[in-house]
Enquirer: 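Got a structure for you, questions after.
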Amino acid sequence: MEHNPSLSDLLCPERESIVREVEDDGNFINLPNFMDDEHVQMLAQREISFGFKKEESLVLSNGMKCARLDAISWILRNREIFGFRFQTAYLSITYFDRFLSKRSIDGEKKWAIHLLSAACLSLAAKMEELKAPLLPEFQFQEYSFESKVIQRMELLVLNALEWRMSSITPFAFLHYFIGRMFLESPPHHILPTTVHFIVAIIREINLTEHRPSVVAAAATLAALNERLTRKALECKINSVSPCGFLEIEDVVPCYNLMQKLQMEKLDSSKLINSPEQSPSRIRPVNVLDNSSCSSGTKRKRLDFNNNDDQKSLP
């Protein structure tokens, strides 16, 4: 019988890292063991109250899209450095996207993007982690910010988001969906594979436009089977959403995108393993890699007092 490759067969570096973190520390994602329908319905109401699934999409310029990719790379890299949980990184990128939906930043001003990234990750760590690092501990490649500068940016973010910082993340729903899809104990790879799909899609979507429950459901379905038909998807969604808080038209686009990313990764793996391809010309996609939009620059020290450009930050 011909074997069809799947995500469980493709042990790419970032997935191996996720598997190790989830298996080595059962509390790394900090998920509840049991969630009833009423609690999940309450979470669904909370995510809607934060403005997820907006009618109008946030349109970013090409420069801002590249800047956002750089910001995500920096956040994921520092998440790994400090051993933050995955929901901390997701929450910080949610802050980042929510801020951009309310205030504009010139994507060409890389110092402003780095500063916003640091503020968002710092705030998310304070919300999610038992111990948040000191501001000077954050790792920057191009700039060096004084603590008071990051603190002022934190305040700007807090005010822009109206101090509403307890956003829901997809990780709050994972045990519920996994428990619904498996009557018995799920295979050990399901949870880390689901986390992998969530991390992979962060670069591809604006987090304010997709409800966390939708991302969690799509990721769990993708981990279960990356090639479900629409009819099979509808049956699965109906089985995991008896109270009707999930809509098929919301879940399908996320699921299809995860499926597309997976197929691209599988195709990339085949090319890398092909003797006709030069390893120097092809490299695997890694969600922890720096964005191709990045460029090497000498480190610069910035503060609000001696940098005129910072006066134009909204």
Enquirer: Strictly distance-based, threshold 3.5 Å: is any side-chain N or O of Gln139 a donor or acceptor partner for the main-chain N or O of Ile81?
Expert: no
Enquirer: Just how far is it from atom CD1 of Ile113 to atom CE of Met64, taken to the nearest 0.5 Å?
Expert: 3.5 Å
Enquirer: Going by heavy atoms in the side chains, are Thr88 and Arg79 under 4.5 Å from each other?
Expert: no
Enquirer: Return yes if some donor-acceptor pair links the side-chain N/O of Ser92 with the main-chain N/O of Ala89 below 3.5 Å, else return no.
Expert: yes
Enquirer: Roughly how far, to the nearest 0.5 Å, is the CZ atom of Arg203 from the CD1 atom of Ile72?
Expert: 6.5 Å
Enquirer: Which pair of heavy atoms, one from Val215 and one from Cys254, lies closest together, and at what distance?
Expert: CG2-SG, 4.4 Å
Enquirer: Does any non-hydrogen side-chain atom of Phe177 lie less than 4.5 Å from one of Leu246?
Expert: yes
Enquirer: If we ignore hydrogens and angles and just use 3.5 Å, is the side chain of Asp250 paired with the main-chain N or O of Val214 as donor and acceptor?
Expert: no
Enquirer: Rounded to the nearest 0.5 Å, what separates atom CZ in Phe99 from atom CG in Leu156?
Expert: 4.5 Å
Enquirer: Output all residues satisfying side-chain contact (heavy atoms from CB on, under 4.5 Å) with Leu130, sequence neighbours left out; order by chain, then residue number.
Expert: none
Enquirer: Within a strict 4.5 Å, meaning less than it, do heavy atoms of the Glu264 and Leu261 side chains meet?
Expert: yes
Enquirer: Applying side chain to side chain contact (heavy atoms under 4.5 Å, CB included) between Phe197 and each of Thr194, Val199, Thr193, Val195, report the one that passes.
Expert: Thr193
Enquirer: Give the cluster check for Trp163 versus Leu161: same hydrophobic cluster or not, with ILVMFWY residues linked at side-chain heavy-atom distances below 4.5 Å.
Expert: yes
Enquirer: What's the shortest heavy-atom distance between Pro133 and Phe82, and which atoms?
Expert: CB-CE2, 3.6 Å
Enquirer: Is the shortest heavy-atom distance from the side chain of Arg211 to the side chain of Ile168 under 4.5 Å?
Expert: no
Enquirer: Given side chain to side chain contact (heavy atoms under 4.5 Å, CB included), test Thr94 with Gln87 step by step and report yes or no.
Expert: CA-CA 10 Å; Thr94 300; Gln87 61 261 50; over 6 Å; no
Enquirer: Ignoring hydrogens, what is the shortest heavy-atom contact between Phe96 and Ser117? Give both atom names and the distance.
Expert: CE1-OG, 3.8 Å
Enquirer: Below 4.5 Å, heavy atoms only, C-beta onward: do Met181 and Ile190 meet side chain to side chain?
Expert: no
Enquirer: Quick one: pull up OH in Tyr176 and CG in Leu43 and give me the separation to the nearest 0.5 Å.
Expert: 10.5 Å
Enquirer: What closest approach, in Å, do Pro212 and Glu47 show between heavy atoms, and which atom pair accounts for it?
Expert: CD-OE1, 3.0 Å
Enquirer: Is there a donor-acceptor pair under 3.5 Å between the side chain of Ser122 and the backbone N or O of Ala118?
Expert: no
Enquirer: What is the distance from atom OH of Tyr255 to atom CG of Leu233, rounded to the nearest 0.5 Å?
Expert: 5.5 Å
Enquirer: Just to verify, what does Glu249 make a salt bridge (Lys or Arg N to Asp or Glu O under 4.0 Å) with, not counting sequence neighbours?
Expert: Arg230
Enquirer: So, taking the atom named OG1 in Thr169 and the one named CE in Met127, what distance separates them when rounded to the nearest 0.5 Å?
Expert: 11.0 Å
Enquirer: May I ask you to decide if Arg85's main-chain N or O and Glu129's side chain share a donor-acceptor pair within less than 3.5 Å?
Expert: yes
Enquirer: Does this structure show an ion pair linking Arg164 with Glu162, if we count only N-O contacts that are shorter than 4.0 Å?
Expert: no
Enquirer: For the residue pair Phe171 and Tyr90, does the interplanar ring angle fall in the parallel (under 30°), tilted (30 to 60°) or perpendicular (over 60°) class?
Expert: perpendicular
Enquirer: Any luck finding a side-chain donor-acceptor pair between Arg98 and Ser167 under 3.5 Å?
Expert: yes
Enquirer: Is the shortest side-chain heavy-atom distance between Leu135 and Val149 below 4.5 Å?
Expert: no
Enquirer: May I have the step-by-step check of side chain to side chain contact (heavy atoms under 4.5 Å, CB included) for Ile201 and His210, ending in yes or no?
Expert: CA-CA 11 Å; Ile201 203 174; His210 299 268; over 6 Å; no
Enquirer: Only counting residues at least two apart or in another chain, list the ones meeting salt bridge (Lys or Arg N to Asp or Glu O under 4.0 Å) with Lys126.
Expert: Glu154
Enquirer: Which heavy-atom pair separates Ile205 from Arg68 by the least distance, and what is that distance?
Expert: O-NH2, 2.8 Å
Enquirer: Flag the pair Trp111 / Phe145 as yes when their ring centroid distance falls below 6.0 Å, and as no otherwise.
Expert: no
Enquirer: Would you please test Ile198 and Leu174 for side chain to side chain contact (heavy atoms under 4.5 Å, CB included) and show each step?
Expert: CA-CA 11 Å; Ile198 293 173; Leu174 291 191; 4.0 Å; yes
